[in-house]
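Report on the structure given below.
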Amino acid sequence: MDFTNNLTNSDITNIMNEAKNLKINKERNDCLKDVIFGLLFFEPSTRTLMSFESAIYRLGGKVIKYNSNFSSEKKGETIEDTIRTIDAYVDVFVIRHPDKEVFKKLKKFTKKPIINAGNGNGEHPTQALLDLFTILEYYPNLPNKIAFTGDIKNSRTIHSLVYLLAKINSDIYFYFVSCESLKPDGDFLQFIESFGNDRFSITEDLNDIINCIDVLYVTRVQKERFNTNMISYHNMIVDSNLIKNSKDNLIILHPLPRNDELSTDLDNNPKSKYFEQVENGVYVRMSILKYIISKH
Ligand code: NCD
């Protein structure tokens, strides 16, 4: 599962249903007992890495972790040689890498399934599935209006979630709220433009739209991907004051980690669902692992 586009609508429904069963039953079993997973993270991670590990352990699978600080990468080994090598050790790869094009390159070096845990500023499909799962818990028929804010240009979680929502429903209205330098661009902009002007708008101030949205999806500025000195995001700060005029059933999501774009004064607000996303990540990733294994 490298891009959201590879998923059919029935795959998505099956993954959602199985994740729901796993969450309700709090099931643990050993259905992956013969499967060895290689977790290769070439960028920092807390939630994605550890929730994959937790999901694998809950289903009885085995994990081998690659540590880029203590591996032959430090002796100048290429990622291609690293993948060829680890191909001999594992049955499934879970890879996060800063290069957006990494999966196109690596497919030549392994036939084993690869799960994309984040490719640069490209995509993050497993995060999008857990975001969708969380949205469906509050909007079983999907929301009418969803706003994305923060670093829309570089946020792979926003890209994947928009691709996924657009695939399963063509009636959602999308707001993209960001300062000039973080607005959608490139392929992603082309994609949202293909919806037609009556289905999206790109604006600069959350205050203008906060009263009409059902879901607010907040992201941090991806400082590691570019020089951020010029960025001012005061119109994109999400705090108790901002949401005073929001709908009663607004939900606030964030893939985390956060910086100062999302105030801790919202953490105990019933509208905040970002720590529920964290918990759902385990069930959704368990479901994804079962799906991957069933396909191979
Ligand atoms: C995100 C990521 O790595 O893209 N985090 C995550 O996986 N939960 C978001 C981010 O780093 O800002």
Side-chain angles (χ1 to χ4, degrees), residues 121 124 127-128 131-132 134-186 188-222 230-256 258-274 276-277:
N121 65 2
H124 195 345
Q127 176 73 38
D131 295 338
L132 174 64
T134 310
I135 292 171
L136 289 172
E137 289 201 308
Y138 295 94
Y139 292 95
N141 298 317
L142 291 169
N144 293 322
K145 292 186 176 181
I146 176 163
F148 291 89
T149 185
D151 193 346
I152 298 167
K153 178 175 168 165
N154 296 296
S155 169
R156 55 195 175 200
T157 69
I158 293 184
H159 301 163
S160 282
L161 182 55
V162 172
Y163 293 143
L164 200 62
L165 289 170
K167 183 185 270 262
I168 60 174
N169 182 297
S170 55
D171 295 327
I172 299 173
Y173 192 93
F174 295 90
Y175 290 99
F176 298 97
V177 187
S178 190
C179 59
E180 190 57 39
S181 50
L182 302 178
K183 283 184 176 167
D185 72 347
F188 183 64
L189 178 60
Q190 260 185 18
F191 180 77
I192 58 184
E193 281 175 345
S194 73
F195 300 165
N197 285 341
D198 54 344
R199 277 196 53 210
F200 79 96
S201 58
I202 300 177
T203 60
E204 296 202 348
D205 196 338
L206 282 171
N207 291 292
D208 298 341
I209 56 130
I210 193 66
N211 60 353
C212 75
I213 54 173
D214 306 304
V215 178
L216 175 58
Y217 191 97
V218 191
T219 58
R220 74 182 171 96
V221 176
Q222 303 273 303
M230 304 299 290
I231 306 278
S232 141
Y233 50 95
H234 64 277
N235 288 340
M236 306 186 295
I237 299 282
V238 176
D239 57 16
S240 312
N241 195 35
L242 173 82
I243 67 159
K244 272 193 188 126
N245 297 325
S246 62
K247 285 184 165 178
D248 288 345
N249 40 13
L250 171 77
I251 60 169
I252 303 169
L253 303 179
H254 193 308
L256 303 175
R258 68 173 142 193
N259 298 143
D260 44 12
E261 73 286 346
L262 175 61
S263 170
T264 53
D265 75 6
L266 282 172
D267 289 358
N268 295 321
N269 190 303
K271 295 182 177 180
S272 298
K273 307 297 180 194
Y274 27 94
E276 288 179 30
Q277 283 170 277

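We're numbering straight along the sequence, starting at 1. Keep in mind it's a predicted model, so treat the numbers as computed, not measured.
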| field | Closest non-hydrogen atom pair between N169 and D171, with its separation | value | OD1-N, 2.5 Å
| request: Would you sort out whether V221 and N259 count as a side-chain contact (heavy atoms from CB on, under 4.5 Å), showing the intermediate values? | output: CA-CA 8 Å; V221 176; N259 298 143; 5.8 Å; no
| field | Full working for side-chain contact (heavy atoms from CB on, under 4.5 Å) between T264 and R258 | value | CA-CA 10 Å; T264 53; R258 68 173 142 193; 3.7 Å; yes
| field | Approximate separation, where rounding is to 0.5 Å, of I146 CD1 and N144 CG | value | 11.0 Å
| said: So I210 and L216, do their side chains get closer than 4.5 Å, heavy atoms only? | reply: yes
| From I192 atom CD1 to Y163 atom OH, the distance as rounded to the nearest 0.5 Å | 9.0 Å
| request: Apply the side-chain contact (heavy atoms from CB on, under 4.5 Å) test between L142 and each candidate in L136, V215, D214; give the one that qualifies. | output: L136
| task | Evaluate whether atom CG of D267 has more than 12 neighbouring non-hydrogen atoms of other residues, nucleotides or ligands under 6.0 angstrom away. | result | yes
| said: Quick one, V177 with D205, criterion side-chain contact (heavy atoms from CB on, under 4.5 Å). Give me CA distance, side-chain angles, the key distance, then yes/no. | reply: CA-CA 6 Å; V177 187; D205 196 338; 5.6 Å; no
| field | D131 vs L164 side-chain heavy atoms within contact, under 4.5 Å | value | no
| request: State whether the side chain of S178 and the backbone N or O of G150 hold a donor-acceptor pair below 3.5 Å, judged by distance alone. | output: yes
| request: Specify the closest pair of heavy atoms between S246 and K271, including all atoms of both residues, with the distance to one decimal. | output: OG-NZ, 2.8 Å
| said: Is any side-chain heavy atom of M236 closer than 4.5 Å to one of L182? | reply: yes
| task | Can you see which heavy atom on Y139 is nearest to which on P143, and at what distance? | result | CB-N, 3.7 Å
| note | dist K244:NZ -> L242:CG (nearest 0.5 Å) comes out at 10.0 Å
| message | Would the distance check show the side chain of H159 and the main-chain N or O of N121 forming a donor-acceptor pair, the cut-off being under 3.5 Å? | response | yes
| Quick one: OH on Y138 to CG on N249, what's the gap to the nearest 0.5 Å? | 11.5 Å
| said: Between L132 and L165, is there a side-chain heavy-atom distance shorter than 4.5 Å? | reply: yes
| query | Is K183 paired with E180 through a side-chain N to carboxylate O contact shorter than 4.0 Å? | reply | yes
| query | Taking D265 for the side chain and S240 for the main chain, is one N or O donor matched with an acceptor at less than 3.5 Å? | reply | yes
| task | For the pair I252 and N269, evaluate side-chain contact (heavy atoms from CB on, under 4.5 Å) and give the outcome as yes or no after the intermediate values. | result | CA-CA 10 Å; I252 303 169; N269 190 303; 5.8 Å; no
| task | Please examine the side chains of Q277 and L253, heavy atoms only from C-beta on, and report whether any two atoms are closer than 4.5 Å. | result | yes
| remark: Tightest non-hydrogen contact, residues Q222 and D151, listed as N-OD2, 2.9 Å
| request: Ignoring hydrogens and angles, tell me if any N or O in the side chain of S155 forms a donor-acceptor pair with the backbone of I152 under 3.5 Å. | output: no
| query | What's the spacing between R156 CZ and T219 OG1 if we round to 0.5 Å? | reply | 12.0 Å
| request: May I ask you to test the Y173-S201 pair for a side-chain heavy-atom distance under 4.5 Å? | output: yes
| field | Student check: side-chain heavy atoms of V162 and F176 closer than 4.5 Å | value | yes
| Can you say whether the rings of F148 and Y217 are parallel (under 30°), tilted (30 to 60°) or perpendicular (over 60°)? | tilted
| note | Separation between CZ (F188) and CG (N154), nearest 0.5 Å, reads 11.5 Å
| request: Using a 4.5 Å cut-off on heavy atoms from C-beta on, say whether the side chain of E261 contacts that of H254. | output: yes
